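The structure under discussion appears below in the form of structure tokens.
This is a predicted model, so every value here is computed, not measured.
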Amino acid sequence: MLLPAINSAPFSCSVRLTNPISVYSRNVAVAVSAQASPANSSYSVSDKDLESRGFMLHRTVSDLNLDHLNSVFAAVGFPKRDPDKIRIALENTDALLWIQYSKTQRPVAFARATGDGVFNAIIWDVVVDPSFQGLGLGKAVIERIIEDLLRKGISNIALYSEPRVLGFYRPLGFVADPDGIRGMVYSRKKKKN
């Protein structure tokens with residue numbers, strides 16, 4: 001399923017981003033305050049290097065096959081999602097970036113952000129296909145989506161992460177619990193019959 005182009009039991013922990021630079025079950029809430037200028041960006045993997053290795057960057061949902069994206073979600077342990085709900089989520093996304101592998105024409109890395117468009121944004125669904133992990137694609141999407149948000153003037157950026165991958169975000173400038181700030185997630189308990 002292709003989309004037309006669109007412009008555009010939790011554990012809690014807060015994090016501050018000191019240099020501009022998610023995941024799902026058992027999430028960690030990560031608050032970010034960006035303090036560097038987006039104009040001074042330098043990526044750990046350049047666009048040219050990505051292209052030379054057969055990876056194409058995309059910032060719109062044009063040509064994004066939702067079934068293929070859903071396969072990447074499933075490969076990293078996310079539950080399978082209804083493609084119609086994915087479409088709605090993407091229509092309400094303020095920034096996104098995905099990387100396509102040229103040989104297969106499939107998405108191999110993805111991240112998106114939602115927010116108020118002025119002050120705050122939350123990064124969601126940061127995934128890299130397990131077959132492509134360790135190549136710098138996760139860093140590539142995080143660095144670029146943060147830069148895109150900073151260019152829009154959004155400096156309070158948060159994300160959710162599994163505790164086991166917090167170490168991935170630290171080298172990108174994230175710091176746990178800045179000033180004692182902690183995130184919270186609403187969790188409704190099921191009623192017993």
Side-chain angles (χ1 to χ4, degrees), residues 1-11 21-30 32 43-47 49-115 121-149 157-169 171-172 174 185:
M1 171 179 293
L2 291 176
L3 285 176
I6 297 174
N7 292 329
S8 78
F11 165 81
I21 308 307
S22 253
V23 202
Y24 203 72
S25 84
R26 289 198 171 181
N27 294 328
V28 175
V30 180
V32 178
Y43 301 133
S44 57
V45 180
S46 71
D47 292 1
D49 186 39
L50 287 168
E51 289 174 22
S52 73
R53 295 190 292 163
F55 297 108
M56 298 169 37
L57 294 166
H58 300 271
R59 284 184 165 84
T60 70
V61 295
S62 179
D63 299 325
L64 178 59
N65 182 302
L66 297 185
D67 293 326
H68 293 166
L69 178 60
N70 224 351
S71 295
V72 178
F73 288 158
V76 299
F78 286 18
K80 185 168 172 72
R81 297 174 175 180
D82 178 331
D84 291 332
K85 289 184 178 182
I86 294 173
R87 182 186 302 96
I88 293 167
L90 293 176
E91 288 170 356
N92 290 288
T93 292
D94 297 317
L96 69 84
L97 192 130
W98 62 284
I99 298 175
Q100 179 181 40
Y101 188 49
S102 299
K103 289 183 181 178
T104 62
Q105 297 297 302
R106 291 176 158 252
V108 295
F110 178 89
R112 68 184 186 95
T114 61
I122 299 174
I123 297 173
W124 303 96
D125 303 329
V126 178
V127 292
V128 176
D129 184 306
S131 301
F132 292 87
Q133 291 178 1
L135 302 176
L137 302 181
K139 285 181 185 177
V141 296
I142 291 295
E143 290 169 343
R144 286 160 178 82
I145 204 159
I146 292 291
E147 181 180 66
D148 291 350
L149 293 168
I157 302 166
L159 62 88
Y160 289 88
S161 174
E162 291 181 8
R164 65 181 174 79
V165 294
L166 283 176
F168 166 77
Y169 295 104
L172 297 172
F174 291 90
V185 178

Salt-bridge criterion met for Arg144 and Asp148 (N-O under 4.0 Å): no
Rounded distance [0.5 Å steps], CZ in Arg53 versus CG in Leu135: 6.0 Å
Do Val61 and Arg87 have side chains that approach each other closer than 4.5 Å (heavy atoms only, starting at C-beta)? no
In terms of heavy-atom contacts, Ile145 and Ala111 come closest through CD1-O, 3.6 Å
Heavy-atom donor-acceptor pair, Asn70 side chain to Lys80 backbone, under 3.5 Å: no
Output the distance between atom CD1 (Ile122) and atom CG (Leu149), rounded to the nearest 0.5 Å. 11.5 Å
Run Val126 and Tyr169 through side chain to side chain contact (heavy atoms under 4.5 Å, CB included) and show every step you take. CA-CA 11 Å; Val126 178; Tyr169 295 104; 3.8 Å; yes
Can you give me the closest heavy-atom contact between Asp94 and Gly115, atom names plus distance? OD2-N, 2.6 Å
Step by step, work out the side chain to side chain contact (heavy atoms under 4.5 Å, CB included) result for Phe110 and Leu64. CA-CA 10 Å; Phe110 178 89; Leu64 178 59; 4.0 Å; yes
Could you tell me how the ring of Phe55 sits relative to the ring of Phe132: parallel (under 30°), tilted (30 to 60°) or perpendicular (over 60°)? perpendicular
Quick check for you: to the nearest 0.5 Å, what is the distance between Arg106 atom CZ and Leu69 atom CG? 11.0 Å
Closest heavy-atom pair and its distance - Gly136, Val45: O-CG2, 4.0 Å
Can you tell me how far the CE atom of Met56 sits from the CD1 atom of Ile99, to the nearest 0.5 Å? 11.5 Å
Using every non-hydrogen atom in the two residues, find where Phe168 and Lys139 come nearest and quote the distance to one decimal. CZ-N, 3.6 Å
Mind checking side chain to side chain donor-acceptor pair (under 3.5 Å) for Thr114 and listing every partner two or more places apart, or none if nothing turns up? Trp124
Would you please classify the geometry between the Trp98 ring and the His58 ring as parallel, tilted or perpendicular, with 30° and 60° separating the classes? parallel
Donor-acceptor under 3.5 Å (Asp125 side chain, Arg112 main chain): no
Measuring from Glu143:CD to Glu147:CD, what's the distance to the nearest 0.5 Å? 9.0 Å
Val76/Val128 under side chain to side chain contact (heavy atoms under 4.5 Å, CB included): CA gap, chis, key distance, verdict: CA-CA 8 Å; Val76 299; Val128 176; over 6 Å; no
Working to the nearest 0.5 Å, report the span between CG of Asp82 and CG of Leu66. 10.0 Å
